[in-house]
Amino acid sequence: MDINLLLSPQETPRATPAPPVKPTSAKKARKPRTSKVNQPSPLAHTTLPPSALPHSAVVQAQNAAPTSSAMSASSTSPGDGARTTRQPSTPGMDTLADLASMQHHQQTARANAGGLRSAEIYDHPTSSATILPALQTMSRPTVSSQLRGGSYDMAKTDGPAETPSPRRYSTKALSETDLQTVIQLAEYLAANPFAYDSHVQLIKILHQGLSNHSHVQAPASYDLLQDLQSARETMSSRFALGEDLWADWIQDQILLASSLEDKISVMELCLKGVEEEPGSTNLWLAYGQWMLSLYKQAHPHDQRVSGIGAIPVRHVLSEEDRMMAKEVFSWPQMMEVWKRAEQETRWRINDSHLIWNIWTELLMLELASSPPLQEAIDDTQYHFVNRLQTPHATWDQTFQAYSNFVSRYDDAQYEVTMVTANRLGLDAKQTFSLREIREFEIMRASEKNDKNAELKAYSDYIDWELSQSRKKHSFKFELANAIHQRATLRFPSNSELWEGYAMFLVEEITTHRRRDISALPILDKATRHCPWSGTLWSQFLLSAENSNLAFPDIGDIKHKATSAGLLDAGGLEEVLKVSTAWCGFLRRRTFHQDSTDEDMDVAEVGIRSAIEDMDNMGRTKYGTEYQGDPEYRLEKIYIRYLTQSRNWECARESWKKLIPKKGNSYEFWLRFYLWEMNTWSKLVYIETDPNSGGRPFKPTEATKVLQQALKRPNLDWPEKIIETFQHHCEDNEDAEELQTSVAQVWKARRAVQKRREKEAYTAYEKAQAEAFQQQQQAQQDLASFQDDVQYSSKRKREDAEEEGVSKKSRHDVTESEGPQVEDQHLAASLVLKRDRENATVVVKNLPPGTTETRLRQYFRDCGIINSLKLMPESDGQSATASIEFDSKEDVLTAQTKDMKAFDDRAIEVQIGSGSTLYVCNFPPVADEAWIREKFQEYGEIIDIRFPSLKYDTHRRFCYVQFKSSSDAQSATELDGEDLGDNLKLLARISNPGQKKPREGAIYEGRELYLVNLDRNTTRADIKQAFKKYGYVESVRVLTKVDGQSKGIAYVVFRSKDEAEAALEMNLTNLGNRILNVSISTNDKSKRKQNRIVTSTSTSQRGTASPAPNMNDDTHSAASPAPSTNSAGQSKFSEIQSRTLALLNIPDTVNDARIRALTEPYGELVKVSLRPNHQGAIIEYKNEASVGKASLALEGHEIASERQIRVGTFSDMNQQKAEYRSDRIPVGAAAKTTNAQLQGPAPIRRPGQPGTRRGGKGGLGIKRGGVGLSGSRAMTDGEGKDAETKGTGEGEETGKAKSNADFKALFLKNEGT
């Protein structure tokens, strides 16, 4: 059969079709397969001659589209095989399946070309022709005649043969800016007719102009009225409008309706709107109220509807029109609209009462208008009971309305009836109460006009609804379906919501076996709303196949998806999804039990044409760089088709044609290999090798595939192919071939090892170069960034004369409450003790049960492992580890294990350079949770490290390590973010190799340290005494809680020379004291600022807490100096009663966090942080606050696995500094660590009753009564501790003797 007979010149991509090509060999006739149903062949359809073919809507859209999805001009034979291959007879042909359904498609398009009032609308079961049969005899002007004068009629364009002159839009109802936007949108849509957002924007602007115009003039005089109507018709021909645009259109048409015909047009428009959006309460309400309004106009004397609100009438019907309207609009017809509205919106629990209340009111009026029949009463009662069992927002009002109904029509059974109704409605009430909070979230987001929040509320609502238990009967299909419907109504162009809706219905049909629903209507609407979604179109095709639709109907769906260019907005991937679904359908149809030879022809040519068409589209869009579908989906379908047809050679040739594009993918070679093995398993039972004595064939072709794969130099995972090849030869080849394969495997592994080493070194060099460039850029930006950062400190409380002094001199003594930038850069000449950032690798795809011990064993040959952190992935299918080595060279060695097998799983080893951020200048109260929440959106965080505060309590920075360097680079977007309170976050890629010296007065030697100041000496006195040596930038005097001086001060000069000259003031009198002056040094024990003080007077506090001994840090901050004054002792006791000590505080917690933790329980006087004792001292203003804080903070988890204990000062002083190390101890270090572990406490046994001192004790008790290790000298006869005066001169019992002691003893003996 000549396929050219099925093509018309208009449908051929080229102007002149190529002559038909005769096949080179005759194909043997194939008997048609036995068919139970006589189905006409799709090839039997013929098309009309070109002169008789009208331009259908789809053809017009295809011509207007900028790109066409017509199939390719030629097809390539897959190769010679057992069956003669078939050649397409025309170069510009679409698939034979499309051609077979072309006539059906054109007939449908011609039938729908009539515009709004087409025959399809009047013949619909619920159309106005059915509801209002009298309208069929009336003359109806078409909408197209009204819009014929419009300039924005895109629906009728066959593709611009010549560029029309631009239209000038003019109206006073729109501003010049809006008019200019209209012109730009019209021009853009002329070139891009499927730009959805542009259609919506244009309609909204023109509609706003009509609204503005209607306030001052008649709506019909709007200058752009025809353009607005044309824009709506054009968009409606390509997309579904959505609820909002339909509501605006109906409202505008109501304003314009003046005659009976116009009012009927509005009714038809309402019908079309509710058919497209059947779940819209707003559209059904507008439709019903319009029908009620028409009934009122036709029957003005009907008192039943006089009190019911309806749409106001702007134009009164003439007497002639009213007489005609009485015959058209009747009570049953109006009630039918309201009944259908109630059925469609019943499960909208938020607003279905808007429809139900009006319909119920109409039912009650109908019941009261005539003597009620028992049947009518029973129907109305069922109406109420059914509503009470349906969840909705106004259940109580419905129950009250039912109470009124029962008291009127069944008063004798009132109590029994109402009790029964209440019992029946319990489930509905509970169902709504469970969803009320989610309804409130949607309503609140809608009122705020926050579309993102509203979309999230709908998504969360859907997820919650689908998570309800089916076994406990908590899941209700109607409610889940309704919330999907509401979400797609609110966001009609969100393809993700529509895809979720479709998948929900498909799962209900296939998994839960619901046969009373169909996904086809929803998928039809979904593809109208989101025609750019290939997922929706593919599901549409699959559902049509499962519903056993006729082949022309399924072809019509595919034609709609591809012929109009609607998928261009979605990209090539969306087109490919549709083609995959279509080709899969053709293949399955071919091997159906009722298929024929023609079905096989359609499938073969259709699949091959689809492959070539996708290749042409890809090359047109991406040029010569296009390498085809990475998953080669269409090719796999074609190979599967050839395999099922037993055309093995053609299938093998198809695999080989994919090698140039897919030859570097191990997954492709494994698929090819498995196909060969599957083919061999089928052929081995058909024929045997005569040269092998009747033995079966060996899988020679499969072996060749793996051998060819091993020769690919750029194979992405050669280890997998090597392993497969080795197992294949061991299982299927003889000894000779096996020995050959062993040599090939050995050679391949050597080549892969060299390749991996080279790749690892290249990757390392690249990472180092990128890190260096980033640090160079960071250094350039650092100066400008520091200028923007505002520092705050105790200078706020200094004199106004010092406000102009630079804050750089006190950079290192800034209070922890103020903003602080902790510069990580030191002198570049210093040798790095530890380079985490460049000595770390990230290992991915580990088995979920991997242990740290197993991982250390696997990488122990790579070098010394400093630290290791293992984290399971969220899906539970794998784990990720961060391993820090001792040197960069160890990282290179570890990189060679990339893609190697670890417990039968290929792991990924990536260099961790550039994956760590240096973060500072965050709020003082920020903890690990704050940092994690701030940065987690940029990627998975492996670790967050805070510095120890044991030697400097002002340190406030941290390191954030991400899983990949790209995530860390993305997180640098937060660099410079304003956090408020003069804080700008600093987030840079960390690189210890790039360092610079610190700056500030203490590092430049310009600061003096003054001790033994007179308590009454002020800053002005100090400045006056030192200004003779140079310019004094600042003076800072340390004060106590009550504001009195501590006798310590810091003086900053402008230069180092001036500060050195001022050393002459050392050991001179200032006031009543001899001054000690020295150059300030970076002595952390002296410079430590670990106290936050709330100033208070001495009378309020009782007495000031004595300052801690600066040279002995083991004393409590609140410990008083020895005093014989009983009044002073009582005051100290009063202070001690208001003070508590917090124990087990990590040395990474600063004083700001302690203050934030303790301040809620009362007003603070002092917070003293003691990281060298893992604690803090808190002083409140009253004793009650101490009690509250003690109860609340005992056991509080301040950090992971660290709980606060509340104790005394002595308890805190007994705690030693925290020893933390994330290094893994090895060798001697491990032994040392184990030796440092504290042993168990000694067992103190009580003395045995009835025994004398020094006598024989019981079992395990040595004479003396203190256990096996006791000593008689340890206790006296009364059990008190005896003083150990020593056994020699100056010696003490139990004290270890040094070499000097032994030397002195030896010399003493020699002297005697």
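FYI, the numbering just counts along the sequence from 1.
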*Asks:* Identify whether the distance between the nearest side-chain nitrogen and carboxylate oxygen of Lys1181 and Glu1163 falls below 4.0 Å.
*Replies:*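 Salt bridge flag = yes for Glu1163 with Lys1181.
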*Asks:* Restricting to salt bridge (charged side-chain N to carboxylate O under 4.0 Å, His left out), what partner residues turn up for Glu940, sequence neighbours left out?
*Replies:*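 Glu940 satisfies salt bridge (charged side-chain N to carboxylate O under 4.0 Å, His left out) with Lys963 once adjacent residues are dropped.
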*Asks:* Can you tell me how far the CG atom of Leu1075 sits from the CG atom of Leu1067, to the nearest 0.5 Å?
*Replies:*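 So the gap between those two atoms works out to 8.5 Å.
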*Asks:* Can Arg1138 and Glu1179 be said to form a salt bridge (charged side-chain N to carboxylate O under 4.0 Å, His left out), step by step?
*Replies:* CA-CA 6 Å; Arg1138 295 186 282 101; Glu1179 181 180 344; 3.4 Å; yes
*Asks:* Does any non-hydrogen side-chain atom of Arg956 lie less than 4.5 Å from one of Cys920?
*Replies:*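 Of all side-chain heavy-atom pairs linking Arg956 with Cys920, none is under 4.5 Å.
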*Asks:* If we only count heavy atoms from C-beta on, is the Tyr959 to Pro947 side-chain gap below 4.5 Å?
*Replies:*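 No, side chains not in contact.
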*Asks:* Could you grab the distance from atom CG of Leu1143 to atom CG of Leu1193, nearest 0.5 Å is fine?
*Replies:*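 Separation between the atoms: 11.5 Å.
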*Asks:* Is it true that the side chains of Ser970 and Asp967 contain a donor and an acceptor less than 3.5 Å apart?
*Replies:*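 Distance-only check fails for Ser970 and Asp967.
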*Asks:* Nearest heavy-atom pair of Ala968 and Gly914: which atoms, and what distance?
*Replies:*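 So the two residues come closest at CB-O, 3.4 Å.
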*Asks:* Mind checking whether Tyr1009 and Tyr1050 have ring centres under 6.0 Å apart?
*Replies:*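 Here the rings of Tyr1050 and Tyr1009 have centres that are less than 6.0 Å from each other.
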*Asks:* For Glu1058, give me all partners under side chain to side chain donor-acceptor pair (under 3.5 Å), at least two apart in sequence or on another chain.
*Replies:*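 Glu1058 satisfies side chain to side chain donor-acceptor pair (under 3.5 Å) with no residue once adjacent residues are dropped.
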*Asks:* Show your reasoning for whether side chain to side chain contact (heavy atoms under 4.5 Å, CB included) applies to Tyr1029 and Leu1008.
*Replies:* CA-CA 12 Å; Tyr1029 299 103; Leu1008 296 182; over 6 Å; no
*Asks:* In a check of side chain to side chain contact (heavy atoms under 4.5 Å, CB included) between Ile1154 and each of Ile1178, Ile1177, Leu1164, Val925, which one passes?
*Replies:*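 It is Ile1178, the one option of Ile1178, Ile1177, Leu1164, Val925 that forms the side chain to side chain contact (heavy atoms under 4.5 Å, CB included) with Ile1154.
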*Asks:* Testing the 3.5 Å rule here: is there a donor-acceptor pair between the side chains of Thr972 and Asp975?
*Replies:*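 No, because no side-chain N or O of Thr972 sits under 3.5 Å from a partner of the opposite role on Asp975.
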*Asks:* Apply side chain to side chain contact (heavy atoms under 4.5 Å, CB included) to Val1165 and Tyr1180, showing your working.
*Replies:* CA-CA 5 Å; Val1165 174; Tyr1180 286 95; over 6 Å; no
*Asks:* Salt-bridged, Glu1033 to Arg1054, with N to O below 4.0 Å?
*Replies:*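 The answer is no: the pair does not qualify as a salt bridge.
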*Asks:* Show the numbers, then the answer: is there a side chain to side chain contact (heavy atoms under 4.5 Å, CB included) between Ile931 and Cys958?
*Replies:* CA-CA 9 Å; Ile931 297 293; Cys958 69; 4.1 Å; yes
*Asks:* Nearest heavy-atom pair of Ala1059 and Gly1005: which atoms, and what distance?
*Replies:*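 Heavy-atom minimum between the residues: CB-O, 3.7 Å.
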*Asks:* Could you tell me which non-hydrogen atom of Met1212 sits nearest to which non-hydrogen atom of Ala1141, and how far apart they are?
*Replies:*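 So the two residues come closest at CB-CB, 4.4 Å.
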*Asks:* Between Glu1197, His1196, Gln1174, which is the residue that forms a side-chain hydrogen bond (donor to acceptor under 3.5 Å, both in side chains) with Arg1202?
*Replies:*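 Among Glu1197, His1196, Gln1174, the one meeting side-chain hydrogen bond (donor to acceptor under 3.5 Å, both in side chains) with Arg1202 is Gln1174.
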*Asks:* Evaluate side chain to side chain donor-acceptor pair (under 3.5 Å) for Gln961 paired with Ser915, printing each intermediate quantity in order.
*Replies:* CA-CA 6 Å; Gln961 183 180 0; Ser915 62; 4.5 Å; no
*Asks:* Could you give me the CA-CA distance, side-chain angles and deciding distance for Asn1150 and Leu949, then say whether side chain to side chain contact (heavy atoms under 4.5 Å, CB included) is met?
*Replies:* CA-CA 7 Å; Asn1150 60 13; Leu949 307 181; 3.8 Å; yes
*Asks:* Which atom pair, heavy atoms only, marks the closest approach of Leu1140 to Ala1189?
*Replies:*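 That closest heavy-atom pairing would be CD2-CB, 4.0 Å.
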*Asks:* Going from CZ on Arg1015 to CG on Asn1072, what distance comes out if it is rounded to the nearest 0.5 angstrom?
*Replies:*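 Those atoms lie 12.5 Å apart.
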*Asks:* According to the side chain to side chain donor-acceptor pair (under 3.5 Å) rule, which pairs have a member within residues 923-933, sequence neighbours left out?
*Replies:*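 Applying side chain to side chain donor-acceptor pair (under 3.5 Å) to every pair that reaches into residues 923-933, excluding sequence neighbours, yields Glu928-Arg932.
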*Asks:* Could you check whether atom CG of Leu1063 has more than 12 heavy atoms from other residues, nucleotides or ligands sitting under 6.0 Å from it?
*Replies:*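 Above 12, so yes.
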*Asks:* With respect to Ile1198, which candidate in Leu1142, Ile1145, Asn1144 satisfies the side chain to side chain contact (heavy atoms under 4.5 Å, CB included) definition?
*Replies:*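 That would be Ile1145; it is the only one of Leu1142, Ile1145, Asn1144 passing the side chain to side chain contact (heavy atoms under 4.5 Å, CB included) with Ile1198.
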*Asks:* Would you compute the distance between atom CG of Asp886 and atom CG of Asn866 and round it to the nearest 0.5 angstrom?
*Replies:*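 Taking CG in Asp886 and CG in Asn866, the distance rounds to 5.0 Å.
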*Asks:* Quick one, Tyr1003 and Thr1081 - any side-chain contact, counting heavy atoms below 4.5 Å?
*Replies:*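 Of all side-chain heavy-atom pairs linking Thr1081 with Tyr1003, none is under 4.5 Å.
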*Asks:* For a 4.5 angstrom cut-off between non-hydrogen side-chain atoms, does Phe1053 reach Val1032?
*Replies:*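 Yes; the side chains approach each other to less than 4.5 Å.
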*Asks:* Checking the side chain of Tyr938 only, and the main-chain atoms of Phe962 only, is there a donor and an acceptor separated by less than 3.5 Å?
*Replies:*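 No: the side chain of Tyr938 does not pair with the backbone of Phe962.
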*Asks:* About how many Å separate CD of Glu1004 and OG of Ser1080, when rounded to the nearest 0.5 Å?
*Replies:*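 Those atoms lie 13.0 Å apart.
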*Asks:* For a quick test of reading the model, state the closest non-hydrogen atom pair linking Leu979 to Pro923 and the distance between them.
*Replies:*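 Closest pair (atom of Leu979, atom of Pro923, distance): CD1-CD, 3.8 Å.
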*Asks:* Whether Lys984 and Asp978 form a salt bridge (side-chain N of Lys/Arg under 4.0 Å from carboxylate O of Asp/Glu) is what I want to check.
*Replies:*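 Here Asp978 does not pair with Lys984 in a salt bridge, since their nearest N and O are not under 4.0 Å apart.
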*Asks:* Just by modelled atom types, is the Leu983 backbone N or O under 3.5 Å from a matching donor or acceptor in the Asn921 side chain?
*Replies:*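 No, because the side chain of Asn921 does not come within donor-acceptor range (under 3.5 Å) of the backbone of Leu983.
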*Asks:* Search all heavy atoms of Glu1064 against all heavy atoms of Thr1068 and return the closest pair with its distance.
*Replies:*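 Heavy atoms of Glu1064 and Thr1068 come nearest at O-CG2, 3.6 Å.
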*Asks:* Under 3.5 Å, is there a donor-acceptor pair between the side chain of Arg955 and the main chain of Ser948?
*Replies:*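 Yes; at least one donor-acceptor contact below 3.5 Å.
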*Asks:* Looking only at side chains, do Thr1039 and Gln1044 share a donor and an acceptor under 3.5 Å apart?
*Replies:*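 Thr1039 vs Gln1044: no donor-acceptor pair found between side chains.
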*Asks:* For Ser1210 and Asn1213, which I'm curious about, is there any donor-acceptor pair between the side chains at under 3.5 Å?
*Replies:*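 Side chains of Ser1210 and Asn1213: no pair found under 3.5 Å.
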*Asks:* Can a side-chain donor-acceptor contact be found between Gln1024 and Arg1019 if the only test is distance below 3.5 angstrom?
*Replies:*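 No pair is found: no donor N or O on one side chain lies under 3.5 Å from an acceptor on the other.
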*Asks:* Among Val1037, Val1035, Asn1076, Val1051, exactly one meets side chain to side chain contact (heavy atoms under 4.5 Å, CB included) together with Leu1010. Which residue is that?
*Replies:*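 Output: one option passes, namely Val1051.
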*Asks:* Any donor-acceptor pair under 3.5 Å linking the side chain of His1173 with the backbone of Gln1215?
*Replies:*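 Judged by distance alone, yes, a pair lies under 3.5 Å.
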*Asks:* Less than 4.0 Å between a side-chain N and a carboxylate O, is that true for Lys869 and Glu884?
*Replies:*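 Answer for the salt bridge query: no.
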*Asks:* Any side-chain heavy-atom pair from Val919 and Phe935 closer than 4.5 angstrom?
*Replies:*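 Yes. Closest side-chain heavy atoms under 4.5 Å.
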*Asks:* Could you state the interatomic distance from OG1 (Thr840) to CD1 (Ile942), rounded to the nearest 0.5 Å?
*Replies:*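 It is 9.0 Å, given to the nearest 0.5 Å.
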*Asks:* What I'd like to find out is whether the side chain of Ser1137 reaches to under 4.5 Å of the side chain of Val1186, using heavy atoms alone.
*Replies:*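 The answer is no, as the side chains (C-beta and beyond) never meet within the 4.5 Å cut-off.
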